[in-house]
Structure formats: structure tokens, C-alpha cells
2 protein chains.
Amino acid sequence: MPGKREQNREQNRQALIGAVLDSVAEKGISETSVSEIIQRAGLSRGMIHLHFGGKDKLVQAAAHHSSEEYYDGLEALLQTAGDSPQERVEMIVRGDLSERVLNRRNVSIWYAFRGEARNRKAVAEYSDTRDGRLRGMIHNAFSRIVREAGTPDATGAARDATHGTLALLEGMWTDFLLHPDQFDREEASRVIFRFLAAMFPTHFSLKGAIPPKQARAR
Amino acid sequence: MPGKREQNREQNRQALIGAVLDSVAEKGISETSVSEIIQRAGLSRGMIHLHFGGKDKLVQAAAHHSSEEYYDGLEALLQTAGDSPQERVEMIVRGDLSERVLNRRNVSIWYAFRGEARNRKAVAEYSDTRDGRLRGMIHNAFSRIVREAGTPDATGAARDATHGTLALLEGMWTDFLLHPDQFDREEASRVIFRFLAAMFPTHFSLKGAIPPKQARAR
DNA sequence: CAAGAAAATGGACAAACGTCCATTTTTACT
DNA sequence: AGTAAAAATGGACGTTTGTCCATTTTCTTG
């Protein structure tokens with residue numbers, strides 16, 4: 001058992017990290033000060049230095065936490081996917097565009113950290129490993145698809161399809177960042193599958209990508 | 001003629017804007033202070049208040065300037081493109097990925113502002129109008145392509161192709177931000193054209209994406 | 001239950017921030 | 001050349017920043 005002491009300790013650490021993420025999401029990095037953080041966390045000034053050794057380290061820990069959370073969510077979703085590569089790709093795309101992953105809070109946080117990534121190497125690394133793991137999952141799936149489809153230059157085709165899919169997802173996130181109100185998840189995934197269907201007609205079909213319930217035109 | 005007075009005035013305004021952009025590119029927004037700016041510009045403290053009425057306004061002006069610069073560069077490039085829609089798309093894609101537009105400085109600046117865009121509405125607007133103009137240019141081209149190709153549901157197809165192409169470009173920029181050393185412009189545009197070729201086989205060919213002689217078929 | 005250790009507090013502190021303005025310097029006009 | 005206006009200077013100002021530590025509170029252990 002953890003013991004009440006250790007329990008409180010961890011709880012306060014988490015409260016600080018949560019406060020940073022809330023503040024970054026709402027006010028941005030530049031307005032996330034020590035005062036802002038401790039006020040949100042309802043804790044005292046000294047806690048940041050005590051638990052993390054300084055504000056920068058805390059922010060770094062928060063970035064790490066956020067990154068882990070994102071990937072864990074996506075991986076959990078992927079567990080529920082079938083074995084076929086197209087199912088896995090579809091699950092990743094839909095997962096990456098789902099409310100749970102792609103929402104105002106996450107997007108604000110993600111882009112805020114990215115904007116400062118150039119200067120905070122530690123932050124940039126998490127951003128990297130996240131993308132690295134995601135890339136591996138997608139590349140795996142496309143390797144199999146390409147092999148099954150007998151596409152010429154299989155290696156290059158799989159790499160390009162992976163590259164393109166990741167870029168498309170990235171672009172959709174940016175869309176959401178800039179126009180959260182107008183953003184349409186269905187449209188975003190339809191666009192991606194339209195590209196994929198054109199590239200691998202035997203594995204992806206446009207209609208299959210659209211939930212049967214909803215008609216196309218609007 | 002402008003007069004030496006007005007000339008100096010404008011020169012100093014530009015020096016301040018340039019200093020902001022340099023600092024943002026190198027150190028990030030959070031480390032871009034008034035002291036940093038005036039030191040880079042080689043001017044005195046009071047100039048920021050005199051010419052722009054405060055630091056925030058200056059930063060806003062810098063964001064505007066950067067945005068204009070980007071679009072002007074792209075538009076200039078587009079002037080040299082032919083009339084055919086595929087040529088125009090190709091020019092936009094290649095232009096957006098060219099050294100002149102996509103370089104460390106621009107990318108750092110762009111993402112730094114984006115990261116804070118949520119809080120600085122004025123900054124977000126420039127980001128928006130930029131994308132709006134770009135979107136218009138691409139959509140125009142795809143509308144013609146779709147019509148020529150006789151794609152079913154022409155309106156939706158053009159919109160999706162536009163959406164996807166913009167997302168792809170956006171994704172490539174992110175690639176560059178995170179891995180400027182490993183980034184390969186040729187690969188990036190090849191990936192994009194691979195997707196476009198799959199979607200519009202009659203207008204884009206993968207080999208044709210590497211400067212074609214086949215162009216302008218009509 | 002007492003004693004010791006760990007955790008939490010909140011204020012002191014220097015440094016850095018952006019704003020503003022009294023003063024000096026530069027330019028334009030008579 | 002002399003004068004008025006505009007531009008530029010740089011320091012003073014009040015805030016706010018992040019760090020750190022002497023003190024108090026809370027929990028654990030013997």
C-alpha cells in the first residue's frame with residue numbers, strides 16, 4: 001500500500017502538472033506563471049521547487065505527461081482494432097480524429113508546446129517519440145497492405161503512404177486548432193480515406209469509410 | 001520622394017519588426033523581451049512605445065509582416081506558373097516546400113505564433129487569411145481538374161482534394177519543424193504527388209511530378 | 001503518545017519585465 | 001542661420017517573475 005504520505009505527495013505532483021496543462025490550454029505558455037500554477041493547483045508557492053526543482057522542470061514534466069496520455073489513449077483504442085492492416089489504419093485515423101484525442105484542450109496544449117519546442121529540447125523529444133511510435137504502427141500496417149496489393153516498389157510505397165497519412169493527420173489537427181467551431185470530424189476522415197482509397201483501391205473504399213447511416217451530400 | 005525623416009522612421013519600424021522575428025525564430029516568443037528586441041535592433045527602449053504603442057502591438061505587427069511576406073513569396077512564384085490547373089497545383093506545392101518559403105526561420109516563426117494564436121486573436125487572424133487565400137488558389141485549380149476529369153460529385157471531390165492537399169502541406173511543414181536536418185524536399189513533394197496521382201491519374205503522374213515533358217496536354 | 005522525519009507553507013529576495021516621459025538630438029522649413 | 005516640430009534616447013518606475021528557505025504542519029514509526 002502507498003501510505004497516506006506518499007499518496008498525498010503523488011496527488012500534489014499530479015495537481016501541479018494538471019494545473020500547468022490547464023493553464024497552457026487556456027492562457028498559453030507565456031501566461032503560465034508560477035503564481036498562476038499554484039493558484040490553480042490550490043497549493044503553496046514552494047511546492048514547485050520541492051517536487052520538481054523549478055518551473056522549467058515542471059513544465060517539462062507536464063509536456064511529458066500530456067504526451068504519454070495521448071499515446072496511451074491511442075494505443076488503448078488500437079487494442080480494440082482487428083488484425084487486418086486496413087482496420088488498424090482506419091482505427092488509428094479515426095482514433096486520432098476522435099473527440100477523446102482531438103479536442104480543444106489537447107490541441108491547444110500540443111501546439112503551445114510545439115511552438116516552444118525549438119527552445120526546450122526536452123519538450124521536443126516527447127513530441128518526437130510520440131510521432132515515432134505512431135509512425136511505427138502505421139508503417140507496419142501499410143507494409144502489409146502494399147505487400148498484399150502487389151504494389152511495385154513496395155518499400156517506397158509503404159514509406160510514402162505512411163508519410164502521407166501522418167502528414168494528413170497533422171494537417172487535420174492544424175485545421176482543428178484554427179477552426180475548432182467549423183471542424184467536422186467526418187469530413188476530415190473522409191478526406192483522408194479518399195486519398196487512401198485512391199492509392200489502395202482494393203483495401204480502402206470510400207463508402208466503407210463513411211458510416212452507413214449518414215448520406216454523403218450536405 | 002519620402003524625405004529623410006520619413007525614411008528613417010520607416011527604417012526603424014522595419015528594424016524593430018525584423019528584430020522581433022529574429023528573436024522569435026531564435027529564442028522563441030517567451031524569451032523575446034523588450035530588452036532583447038531593442039538590443040537586436042540597435043535602437044533605444046522608447047522606440048517600441050513610440051512607433052507601435054507597446055510590445056504586444058509590435059509583436060502583432062511582426063506576425064502580420066511575416067504572414068504577408070509568406071504569401072507574397074508564394075504569389076510571386078505562382079505568377080510564373082502556366083495556366084493549366086495541374087501546373088498551378090504543382091507550383092503551389094513546390095513553392096510551399098521550396099527553400100525560400102520553407103526554411104528554419106520561417107517555420108520557427110510560424111509555429112511560435114501558432115502556439116500562441118489561441119490567446120492573441122490578431123495573430124490568429126493573419127494565420128487565417130493566409131490559409132484562406134492559399135485555399136482559394138488551390139480550390140480553383142482542383143475545380144477545373146475535377147471538371148476535366150469528369151469525376152463524379154465534382155463539387156465534393158474538388159473540396160476534398162483541396163482539403164487534403166492543404167493538410168498534406170501542413171503536415172510537411174510540421175515534419176520540417178521537428179526534423180529540419182533529415183527533411184527531404186523531394187521526398188515531401190513526391191509523397192504529395194503520389195497521393196494526387198492516385199486520385200487524378202489523368203492529370204498527375206508520379207514521374208511527371210519530377211519535371212515532365214508531358215505537361216500541358218490538352 | 002512522544003519524537004523524528006518528511007511534506008507543505010508563504011514570505012523575502014533579487015532580477016527582469018514593460019511602460020512611460022523628461023530630455024536630447026535630428027530634420028524640415030522659413 | 002535660426003526655429004519649431006518630430007524623432008529618438010535612456011533611465012525611473014511600479015509590477016511581476018521564479019527561486020529559495022526558515023518555519024510550521026502532517027504523518028510515520030518506535
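All values derive from a computational prediction rather than experimental measurement. The chains referred to below are lettered A, B, ... by the order of the sequence lines, with proteins before strands, and numbering in each begins at 1. Side chains are part of it too, since the values below use all heavy atoms of this structure and drop only hydrogens, waters and symmetry mates.
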* Is the shortest side-chain N to carboxylate O distance from A/E26 to A/R40 below 4.0 Å? -> yes

* To do: In plain terms, say whether A/E99 and A/R104 are close enough for a salt bridge, that is, a side-chain N and a carboxylate O under 4.0 Å apart.
  => no

* A/L43 or B/V34, whichever maps to the more 5' nucleotide of DNA chain C -> A/L43

* Toward the 5' end of DNA chain C, by each residue's nearest nucleotide, B/G54 or A/N12 -> A/N12

* Nucleotide nearest A/S33 (side chain, heavy atoms from C-beta), chosen from D/dG18, C/dC17, C/dG10 -> D/dG18

* What is the nucleic acid contact for B/D56, judged by heavy atoms within less than 4.0 Å: base, sugar-phosphate only, or nothing? -> nothing

* To the nearest angstrom, how far is A/I29 atom CD1 from D/dG18 atom P? -> 12 Å

* Please report, rounded to the nearest Å, how far the P atom of C/dT19 is from the CG atom of B/L58. => 10 Å

* Structure fact -> B/E6 CD to D/dA7 C1', in whole Å, measures 11 Å

* For A/E90 and A/Q86, test the side chains for any donor-to-acceptor distance below 3.5 angstrom and give the result as yes or no. => no

* Across the strands shown, which category fits A/R45 at heavy-atom distances under 4.0 angstrom: base, sugar-phosphate, nothing? -> base

* **Among D/dA8, C/dT9, D/dT19, the nucleotide that comes nearest once only the side chain of A/S44 is considered** => C/dT9

* Among D/dA8, C/dG18, D/dC20, which is the nearest nucleotide to the side chain of A/H49? -> D/dC20

* Structure fact -> The nucleotide from D/dT19, C/dA8, C/dT27 with an atom nearest the side chain of A/M47 is C/dA8

* Have a look at A/R5 and say if it touches a base, only the backbone sugar-phosphate, or nothing, with a 4.0 Å heavy-atom cut-off. => base

* B/L50 CG to C/dT26 P, straight-line distance once rounded to whole Å -> 16 Å

* Asked: Rounded to the Å, how far apart are B/I38 CD1 and D/dG10 C1'?
  -> 9 Å

* **Short side-chain donor-acceptor distance under 3.5 Å, B/E10 and B/Q14** => yes

* Would you say A/Q39 has more than 12 foreign heavy atoms packed within less than 6.0 Å of its CD? -> no

